[in-house]
Amino acid sequence: MFQPDFTETESRQPASWQDYLVAQDWQHFTVDEHGVWDTLFARQVPYLGSRIVTPFLEGIPRLGLDQPGIPELGRLNERLELLTGWRCVPVPGLVPDDAFFAMLAERRFPIGNFIRSADSLDYLEEPDCFHDIFGHVPLLAHEPVARLMQAMGRLGVQAIAAGHGEIIARLYWHTVEFGLAREGDEVKILGAGLASSFGEAHFAIEADIPRPRFTLRDAAATAYRSDAFQPLYFVSDSLDAAAHALEALDIAGLRKLAG
Ligand SMILES: [Fe+2]
């Protein structure tokens, strides 16, 4: 999950996004940690089955994510890069916003190189590899999302430099992390924050809360919660419609959204 903190971005020295990378060192994961992945996977997939956009579900076997245990990123990247040119890159935890968007601009997706503990399956201080891999990577194998995420990265770098980081963060949050999308007659989960959260996946679909139609203007004008379930969830007309709308947005359009 991307958790914006523009104060930190402004106060530190610039660094290249490569400075935040670490080795995955897959061997360091214990049997218990692989078991946490398997528990989360087995709990999440049956619920998402009929409630998440179809390309997400298709991405799981295409990428070999249906195999037990925490994925080894080298093997995952072999499949992912062949499909859309994206690669997963391990990071120790949250990276600053400008580095995050710079990674996306290069079709690199940061993966927190740790997993939550077995006794706190539903509590995350910061995004772990289950959120980052299971939540985000299946849709990175879907070309419209692959293009959108790179475009979001390029625009994010420009937006932060132009002082509009909050606007790009809202657009990202209300789609890539916590968006819903129509598929046929149904409203389905789109966002990784929902796809990887047992509690919020149920809440977003089943709770009696507002689900307004997604527009760039409304999403840009709507604050989000990073410390609680969202008070509303935007519903895009379709996954690909949301991807195309975001991909087409440029810095001039973003300035207009900022008012
Ligand atoms: Fe995320």
Side-chain angles (χ1 to χ4, degrees), residues 1-6 8-9 17 20-21 37 40-41 44 48 52-53 55-56 59-60 63 65 70-71 73 76 80 84 86-116 121-142 145-146 148-153 155-156 160 165-166 168-181 189-201 203-204 219 224-230 233-234 236 239 242-243 246:
M1 195 178 305
F2 159 65
Q3 293 181 338
D5 180 359
F6 298 107
E8 179 189 345
T9 301
W17 61 265
Y20 297 96
L21 305 188
W37 174 283
L40 292 166
F41 188 92
Q44 205 68 359
L48 296 179
I52 194 157
V53 290
F56 182 98
I60 290 176
L63 295 169
L65 293 175
I70 296 168
L73 294 186
L76 174 59
L80 180 61
T84 59
W86 274 83
R87 291 181 65 84
C88 296
V89 291
V91 294
L94 284 172
V95 297
D97 310 311
D98 53 353
F100 174 81
F101 283 118
M103 289 180 191
L104 300 191
E106 300 292 333
R107 294 205 174 200
R108 298 291 185 272
F109 194 81
I111 305 294
N113 199 24
F114 61 96
I115 194 160
R116 68 199 75 180
L121 292 180
D122 296 309
Y123 178 72
L124 274 189
E125 279 188 45
E126 56 181 317
D128 68 349
C129 68
F130 186 77
H131 168 82
D132 289 332
I133 299 175
F134 180 84
H136 284 281
V137 178
L139 281 179
L140 289 176
H142 180 58
V145 175
L148 139 73
M149 291 290 279
Q150 182 174 31
M152 189 78 101
L155 184 57
I160 291 171
E166 179 64 17
I168 194 75
R170 289 178 178 182
L171 295 175
Y172 187 90
W173 201 265
H174 290 307
T175 53
V176 175
E177 291 291 357
F178 292 99
L180 301 171
I189 290 166
L190 184 168
L194 299 177
S196 61
S197 165
F198 190 68
E200 196 161 3
F203 182 79
Y224 54 81
R225 297 290 301 267
S226 59
D227 58 343
F229 288 177
Q230 303 304 305
Y233 297 90
F234 282 102
S236 299
L239 168 63
L246 289 164

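In this text the structure is predicted, and so the values were computed from the model without any measurement. Whatever order the structure lists them in is the order used to number ligands and atoms, beginning at 1.
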With side chain to side chain contact (heavy atoms under 4.5 Å, CB included) as the test, pick out the partner of Y20 among V89, V95, L94.
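Checked V89, V95, L94 against Y20; only one passes side chain to side chain contact (heavy atoms under 4.5 Å, CB included): V95.
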By atom name, which N, O or S atom of E177 is the nearest to the Fe ion (ligand 1)?
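The Fe ion (ligand 1) is closest to the E177 atom OE2, counting only N, O or S.
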R170: salt bridge (Lys or Arg N to Asp or Glu O under 4.0 Å) partners, not counting sequence neighbours
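So R170 forms a salt bridge (Lys or Arg N to Asp or Glu O under 4.0 Å) with E166.
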Report the distance from atom CD1 of I133 to atom CZ of F109, rounding to the nearest 0.5 Å.
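Going from CD1 on I133 over to CZ on F109, the span is 10.0 Å.
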Angle subtended at the Fe ion (ligand 1) by NE2 of H136 and NE2 of H131, to 10 degrees?
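Once rounded, the angle between the two atoms at the Fe ion (ligand 1) is 100°.
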Can you sort out the partners of F134 under ring pair (Phe, Tyr, Trp, His ring centres under 6.0 Å), two or more places apart, ordered by chain and number?
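By the ring pair (Phe, Tyr, Trp, His ring centres under 6.0 Å) rule, F134 matches F41, F56, F130.
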Does any N, O or S atom in D132 come within less than 2.8 Å of the Fe ion (ligand 1)?
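False for D132.
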